[in-house]
Amino acid sequence: MSDATAQTIYLEDYKPFGWIIDDVHLTFRLHPTATRVISRIRFRPDYDVHHRPFFLHGEGLKHISIKVDGHEVEPTHVDGGIEVDVPEAPFNWEAEVEINPEANTALEGLYMSNGMYCTQCEAEGFRKITWYPDRPDVMAQFTVRIESTASHTPVMLSNGNGLYTSTDQTQKDTPSVTIYQDPWPKPAYLFALVAGDLIAHEDKFTTMSGKEVNLAIWVRPGDEDKCAFGMEALKKSMTWDEEVYGREYDLDEFNIVAVDDFNMGAMENKGLNVFNSSCVLASPETSTDANFERIEAIIAHEYFHNWTGNRITCRDWFQLCLKEGLTVYRDQQFTADMRSEPVARIANVLALRGRQFPEDQGPLSHPVRPESFQEINNFYTATVYEKGAEVIGMLRTLVGADEYSKALDLYFDRHDGDAATIEDWLQVFEDSTGRDLTQFKRWYSQPGTPRVTVREDYADDTFTLHLSQSTAPTPGQDDKAPQVIPVNVGLLNPNGDEVMPTQTLELTETEQSFAFPGHATRPVPSILRGFSAPVILDHDIDNARRAFLLAHDTDPFNRWESGRMLARGSLMNSIATGAAPDLAYLNGLGAVLRDDTLDPAYRALMLGQPSQTELAGLLHDTGDTPDPEAIHIASEALRDAKAAALADVLPDLYQANQVKGAFSPEAGPAGQRALANAALSLLSRSDAGKQAAAQYQQADNMTQQLAALSCLLDAGQGAAQLASFQVQWAHDRLVMDKWFSLQIIHANPQDAATTTARLTEHKDFDMKNPNRFRAVMGALSMHHAGFHYRDGAAYALLADWLIRLDPLNPQTTARMCSAFQTWKRYDPARQEKITTQLDRILSQPNLSRDTTEMVSRIRD
Ligand code: 0A1
Ligand code: ZN
């Protein structure tokens, strides 16, 4: 094992830097293999802070020169940077370094993607660009000068406002200079530079105070027809943030750049957002409805960071949820406003249960605000992001929407320009609402998914709910104190009428009872409405009750949840006993699907069922060992049973939800397509793919084309369509990612690993491109029955590729290791096969810090 000496950083060790920076001047002389970076920085001592040696971060920099107040000095190279003798007084720093963007396959710092220069500095990438205090609490104004030639990089961009450009596109080979200035002090992680042959899709936005902002989405030539949707999403986001949070944009320009090689989804650099091209480029022919929805949400997310992240940033990386939890919460609110609130809520809960719950219940469990790390890039997790957003949602439920808005106003007033902490955030809420949040703060420090158990009583016209809470031990934290859990509850009478609208119960004790007097007949409770807290609800009720709630609950989330619980019960029963699927579920589902007053998107979600991974987790929870093959068989059997039981409604659903006219990615038509395609997938189980083949043939958009192809592949057909799809889309990297994934997703369990291995031999499999790597290896790791197929071939294949990728791109490698995080759920034979692979990864010489940390935590 390598890097055994990797340092652990602790929240409790936080110390301020000790110097203040007023401004930073950077000059970049661009060259693919030898870019020169010259930094001129004015430092002054922070006299309130005890001084330590003057240390600047720096990694992989070729030192050319350093001058302090004009005098050349020699730095002392220490771990992760340099120490330099400097005066205890203000001084001028001037340093020159050389870096090699072309060799940068880690995609962190300054790198090249398809001939274009691009940066990624969050979390700690700026130290790969120049010597600097690369920490979020050091904020400064940046002026950036980029030197190149018009032929090499016709377009050059950085943060803030463009001050000057000498670029003359007719003088291709004469030196050209562009200067950007960002008036807003920012930490280095928000720095960005982009240069290359780019085309802009431009627009304008007038802010609420009447300021005009130039908007542009910059793409590679050929992609300019895929920007219109993103631009609309950006303008909607700008308007929404003004209307809902009172936040106005604060620069003369806002630029978005699409990049093909990117480790994550997108990055909120001040005034210059950089996007993975998969998260911004959209057209009906190449993007599915799900892609459109995700693009809209990510554009909003990055834009919202301008206030929650950039104007108010984080003091240190332990506070990551301060910007991420809040910004995810804001983008979720935005999506709910733009589309359907219940559908958006269900989608968020599915994602939370699919990604965050397994994390929180396994070896990678960590608090929403972690207290230690080795590599911060490993903490851009579902817990920090999605559970972080749930924590904000609970706070809003507890204080109420109006108080939440007032507290947010105070937060922006009080902390604009600050690098803040969770303590600051909670203090704002305490000051604004007068509420004591001491217990609430445990949501930030206690990992694990709380389990809320419900018992009911009814006597003397009083209905009583007895609630209790507990959280299982997590790595390093055995004892959990009770948390404040907002439990939204409504009551129905036996006719299905609501007799008590939603109330928020505050569960603060380990056990607590809530009485509801005045009910002459025993009411039926609907508990945890809207999924008001990220907990596991343990409520032992029978199928008749669930079917009643599926038919009558006035809370759309819980109505869906009742159907889900029925499906789950049916599946668990089939897995345990081989029993046929449950009729109460199939009948209830039929009634919901026939109800044309319900939104098609909502009905499409009703047709879904728990994933095989979720079922494996549930089995593990109840003390059983999941058998992936049995889970797969039961899941398929339930689909067959649905196809049979709904045979009379599916053709109507399919026909009635065909959308006529020009394609629109709006929620209405997208919901209809979702329902029609869910119906098609069941219909295809009995017609050998006939209707799917017809749809494939007629499809004029990617949603219809991909859904049809998926149905065909599921039905064991589709070889011809797969081949023609490849020919049709060979030129489009993003669509080809779908082509790669699709074949793995729809492979039989026993073939998933060989199909994957075959695709890695394909000439277009490029491990250096994270999207392509994820399209292939991510698809394998998400194919539950295929990944866990008993021969262990998929484990070995994934490990092979992680070992190969690690030296090139540690970040993406480390993230993909989480495929192994659930290994303790499985039988000894599978456990042994997985741990063999984990140990093999760990034994690689020079394994990155990222991957070492992830695999060690998973292995523990
Ligand atoms: N802050 C970005 C996500 C992001 C994080 C890390 C990155 O590189 C390690 C890149 C992007 C967001 O929340 O959108
Ligand atoms: Zn974010």
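Note that ligands are numbered from 1 as they come in the structure, with each ligand's atoms numbered from 1 the same way. When reading the values below, keep in mind they use all heavy atoms of this one structure, side chains included, and skip hydrogens, waters and symmetry mates. Counting from 1, the numbers follow the sequence of the chain as shown. Small disclaimer: the values here were computed from a predicted structure and weren't measured.
- Side-chain atoms of N269 come within 3.5 Å of backbone N or O of L272 as a donor-acceptor pair.
- One finds an angle of 100° at the Zn ion (ligand 2) between NE2 on H305 and NE2 on H301, to the nearest 10 degrees.
- Of all the listed residues (E122, K323, Q120), Q120 holds the heavy atom that lies closest to atom 10 (C) of ligand 1.
- Of all atoms in ligand 1, listed by their number and element, those nearer than 4.0 Å to a heavy atom of E302 are 12 (C), 14 (O).
- Side-chain atoms of T105 never come within 3.5 Å of backbone atoms of N809 as a donor-acceptor pair (strictly under, hydrogens ignored).
- The ligand atoms of ligand 1 that sit less than 4.0 angstrom from a heavy atom of Q811 are 8 (O), 9 (C).
- Taking OG1 from T308 and CD1 from I392, the interatomic distance works out to 9.0 Å, rounded to the nearest 0.5 Å.
- The closest approach of E324 to the Zn ion (ligand 2), by N/O/S atoms, is made by OE1.
- Inclusion of Y380 in the set of residues having an N or O under 3.5 Å from an N or O of ligand 1 is not warranted.
- Set against the non-hydrogen atoms of A266, the atoms of ligand 1 under 4.0 Å away are 2 (C), 3 (C), 4 (C), 11 (C), 12 (C), 14 (O).
- Close approach to H305 involves these atoms of ligand 1, each under 4.0 Å from a residue heavy atom: 12 (C), 13 (O).
- Counting the atoms of ligand 1 from 1 in the order shown, those under 4.0 Å from a heavy atom of H301 are 12 (C), 13 (O), 14 (O).
- N263 and A106 get closest at one heavy-atom pair: ND2-O, 3.0 Å.
- E302 contributes a side-chain N or O that, together with a main-chain N or O of E268, makes up a donor-acceptor pair within less than 3.5 Å.
- For ligand 1 and E268, the ligand atoms under 4.0 Å from any heavy atom of the residue are 1 (N), 2 (C), 12 (C), 14 (O).
- In this structure a side-chain-to-backbone donor-acceptor pair under 3.5 Å is present from R330 to F304.
- Of the protein's heavy atoms, Y385 OH, 2.7 Å lies nearest to atom 13 (O) of ligand 1.
- Scanning all heavy atoms of the two residues, the minimum distance from F126 to D134 falls at N-OD2, 3.5 Å.
- For the pair E324 and ligand 1, the shortest N or O to N or O distance falls below 3.5 Å.
- Classification of the F765-F773 ring pair by plane angle, with boundaries at 30° and 60°, yields tilted.
- Using a 4.0 Å heavy-atom cutoff, N377 is listed among the residues neighbouring ligand 1.
- When the options N276, T812, D766 are evaluated for a side-chain hydrogen bond (donor to acceptor under 3.5 Å, both in side chains) with N771, the one that passes is N276.
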